[in-house]
Amino acid sequence: MRIDILCLFPEMFASPLNQSIIKRAQEQGLVNIVIHDIRDYTHDKHHTVDDYPYGGGPGMVLKPEPIFEAAEAIKQQLGVSEMPIILLTPQGRLFSQSVAQELALHSHLMLICGHYEGLDERVCEHLATDEISIGDYVLSGGELAALVVVDAIVRLIPGVLGSQDSAGSDSHSNGLLEYPQYTRPQVYQGWSVPSVLLSGNHGEIAQWRRRQAILRTAKRRPDLLEKGNLCDEERKWMLENLLDPK
Ligand SMILES: C[S@@+](CC[C@H](N)C(=O)[O-])C[C@H]1O[C@@H](n2cnc3c(N)ncnc32)[C@H](O)[C@@H]1O
């Protein structure tokens with residue numbers, strides 16, 4: 001997969017893209033992430049990327065020309081006439097694990113990061129094919145939002161995670177939050193690991209994990225339960241244990 005990111009502050013990507021899973025995925029050739037500075041596509045000596053908003057008001061707006069030129073240059077380099085071009089904006093559709101799964105299927109993605117008051121609306125109307133928000137709050141720029149989107153997508157690319165199972169059981173992957181995890185020591189400050197996890201009985205462990213995932217989703221995010229495909233027996237067990245949480 002190749003991901004091209006257009007932004008005003010390329011340095012913001014240096015550290016996050018050079019650590020841990022994303023770094024390894026790039027070294028293994030599973031993803032190629034290319035950062036482009038929008039200023040490189042300006043033609044005046046001050047490399048102007050923004051201007052005052054028509055109609056007045058506070059702040060500056062990113063000009064359309066450098067962004068359209070950058071996108072065109074990338075498409076030419078890739079030899080494609082169309083590709084998914086995602087604008088990071090607090091006005092976009094809300095990012096989620098299912099949107100990450102959808103985006104991870106593409107071979108090429110372009111992400112555009114806004115700044116200041118945002119971008120000239122013609123970028124949204126005539127260049128972007130999708131608009132994504134990472135949450136109902138406003139960041140100073142799209143760089144952090146792009147990093148969130150890239151991280152969530154890259155870990156879904158086959159081969160990136162050591163075991164494919166680890167993405168499959170993650171919270172939000174099957175609709176539920178993930179079950180509680182424990183590691184050594186078996187007893188810490190008098191708190192023991194649940195005995196079923198030490199039993200070696202894989203069937204009982206799987207059932208305990210499924211039930212714990214259901215219970216914590218019911219307690220913390222009941223709005224998600226519908227996506228968990230609970231059977232009648234699981235629903236009955238959940239109701240009993242929500243009322244009597246021993
Ligand atoms: C200060 S914001 C502009 C907000 C814009 N004036 C508005 O009210 O919709 C600057 C840039 O940060 C990015 N941004 C801010 N919040 C975001 C969010 N929740 N999700 C994705 N991108 C965001 C966008 O790229 C945006 O163009």
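Sequence positions, counted from 1, serve as the residue numbers for this chain. Note that the structure is a prediction, hence the values are computed from the model and not measured. Hydrogens, waters and symmetry mates play no part in the numbers below; they use all other heavy atoms, side chains included. In each ligand, atom 1 is the first atom listed, and ligand 1 is the first ligand listed.
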Please list the nearest protein heavy atom to [atom] with its residue and the distance rounded to 0.1 Å.
atom	result
atom 25 (O) of ligand 1	L88 O, 2.6 Å
atom 2 (S) of ligand 1	L139 O, 3.3 Å
atom 6 (N) of ligand 1	E117 O, 2.9 Å
atom 14 (N) of ligand 1	P90 CD, 3.7 Å
atom 27 (O) of ligand 1	G114 CA, 3.4 Å
atom 20 (N) of ligand 1	I134 N, 3.0 Å

Taking [Y]'s backbone N and O only, do any of them form a donor-acceptor pair with [X]'s side chain (distance below 3.5 Å, no angle check)?
X	Y	result
R2	N32	no
S107	M1	no
Q26	L17	yes
N201	E204	yes
S133	Q91	no
D151	L147	no

Go through ligand 1 atom by atom and flag the ones less than 4.0 Å from a non-hydrogen atom of [X].
X	result
G142	12 (O), 13 (C), 25 (O)
V138	1 (C), 2 (S), 16 (N)
Y137	16 (N), 18 (C), 19 (N)
G118	27 (O)
G135	19 (N)
Y116	1 (C), 2 (S), 3 (C), 10 (C)
S133	19 (N), 20 (N), 21 (C)

Exercise. So between H115, E143, Q91, E131, whose heavy atom ends up nearest atom 7 (C) of ligand 1?
Worked result: Q91
Exercise. Aromatic ring centroids of F9 and H115 under 6.0 Å?
Worked result: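 Yes.
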Problem set entry | N/O separation below 3.5 Å, A145 to ligand 1 | no
Exercise. Are E69 and K63 close enough for a salt bridge, meaning some N to O gap below 4.0 Å?
Worked result: no
Problem set entry | Ion pair E131/R93, N-O distance below 4.0 Å | no
Exercise. Side chains of S15 and Q19: is there a donor and an acceptor less than 3.5 Å apart?
Worked result: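 Yes - a donor-acceptor pair under 3.5 Å links their side chains.
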For this session: Please assess L30 against V154 for the test side chain to side chain contact (heavy atoms under 4.5 Å, CB included), listing each intermediate value before the final yes or no.
Result: CA-CA 9 Å; L30 295 169; V154 168; over 6 Å; no
Problem set entry | Whether I132 lies under 4.0 Å from ligand 1, heavy atom | yes
Exercise. Is there a heavy atom of F95 sitting under 4.0 angstrom from any atom of ligand 1?
Worked result: no
